[in-house]
Amino acid sequence: MEDNIDTILLNKTTTFLYNDKPSSWLPSLVTACTVSTYAFWAMFVFPGFRKVPVKLRVFTAVSLGLQCTGYELNPVLLNWAKTLARWRGLSPTQATFLKQNFWEVDLSQYNNVTVFLAPCVMETLEKKLLAELSEGARVIVCRFPFPHWPPTCTEGVGLNQVWAYDVMHLNGSLLHYRKLQPCT
């Protein structure tokens with residue numbers, strides 16, 4: 001005969017499958033690893049995959065016959081760019097991606113510079129470009145304009161807006177500033 005529930009609950013030898021004591025560390029470990037991986041992705045990798053206007057993409061520039069050099073410190077984004085270049089059949093002479101600090105590179109050899117940086121460094125970048133670029137150079141800036149340079153033209157709106165700056169069109173005060181404060 002079957003025992004009723006009261007008898008089962010009173011019997012001290014009966015055990016239940018549910019253990020109400022927190023003894024398992026595996027769910028905590030999995031959660032911590034998941035959160036850490038997502039935090040790394042969100043802070044260091046995801047910003048590099050944000051939408052860049054089509055006219056400014058390296059692969060579009062290469063299709064127009066320009067030779068492109070990209071500087072990136074993030075190894076995930078660097079490998080992604082190299083993989084895309086190989087997948088699209090580009091030779092290293094058409095598009096080169098280097099793991100170098102953009103701030104330590106001499107940009108005087110370039111006539112066209114496209115920059116996708118945060119707004120907090122744009123003033124410092126103005127100084128670097130004025131010190132290194134020739135008078136005939138053009139600078140294209142994505143999302144965040146230079147604080148002191150007047151743009152030659154602009155296209156798009158909001159986060160898809162870009163600004164073009166021709167170094168030769170900068171007024172005399174900026175060129176005077178260039179002579180007084182070279183980039184260090």
Show the nearest heavy-atom pair for residues [X] and [Y], with the distance to one decimal.
{"X": "Met122", "Y": "Pro147", "value": "CB-CD, 3.9 Å"}
{"X": "Cys142", "Y": "Phe116", "value": "CB-CD1, 3.2 Å"}
{"X": "His148", "Y": "Glu123", "value": "CE1-OE2, 3.3 Å"}

Check: [Y] main-chain N/O paired with [X] side-chain donor or acceptor under 3.5 Å:
{"X": "Glu72", "Y": "Leu78", "result": "no"}
{"X": "Thr154", "Y": "Val162", "result": "yes"}
{"X": "Asn74", "Y": "Val76", "result": "yes"}

- Indicate yes or no: at least one non-hydrogen side-chain atom of Tyr165 is less than 4.5 angstrom from one of Leu129. no
- Side chain to side chain, Gln67 and Thr93, heavy atoms closer than 4.5 Å: no
- Partner of Arg138 under side-chain contact (heavy atoms from CB on, under 4.5 Å), chosen from Leu133, Thr114, Thr152, Asn111: Thr152
- Item | Residue from Leu117, Val141, Leu130 passing side-chain contact (heavy atoms from CB on, under 4.5 Å) with Leu125 | Leu117
Got a list of side-chain donor-acceptor pairs under 3.5 Å for residues 97-105, not counting sequence neighbours?
from, atom 1, to, atom 2, distance (Å)
Asn101, OD1, Trp103, N, 3.0

Kindly compute the distance separating [atom1] ([X]) from [atom2] ([Y]), expressed to the nearest 0.5 Å.
{"X": "Glu135", "Y": "Asp166", "atom1": "CD", "atom2": "CG", "value": "11.0 Å"}
{"X": "Ile140", "Y": "Cys153", "atom1": "CD1", "atom2": "SG", "value": "6.5 Å"}
{"X": "Thr34", "Y": "Leu29", "atom1": "OG1", "atom2": "CG", "value": "9.0 Å"}
{"X": "Lys128", "Y": "Thr124", "atom1": "NZ", "atom2": "OG1", "value": "11.0 Å"}

- Which word best sums up how the rings of Tyr71 and Tyr110 line up, parallel for under 30°, tilted for 30 to 60°, or perpendicular for over 60°? perpendicular
- Task: Say whether Val35 and Val30 are linked into one hydrophobic cluster, either directly or through other cluster members, by side-chain heavy-atom distances under 4.5 angstrom.
- Result: no
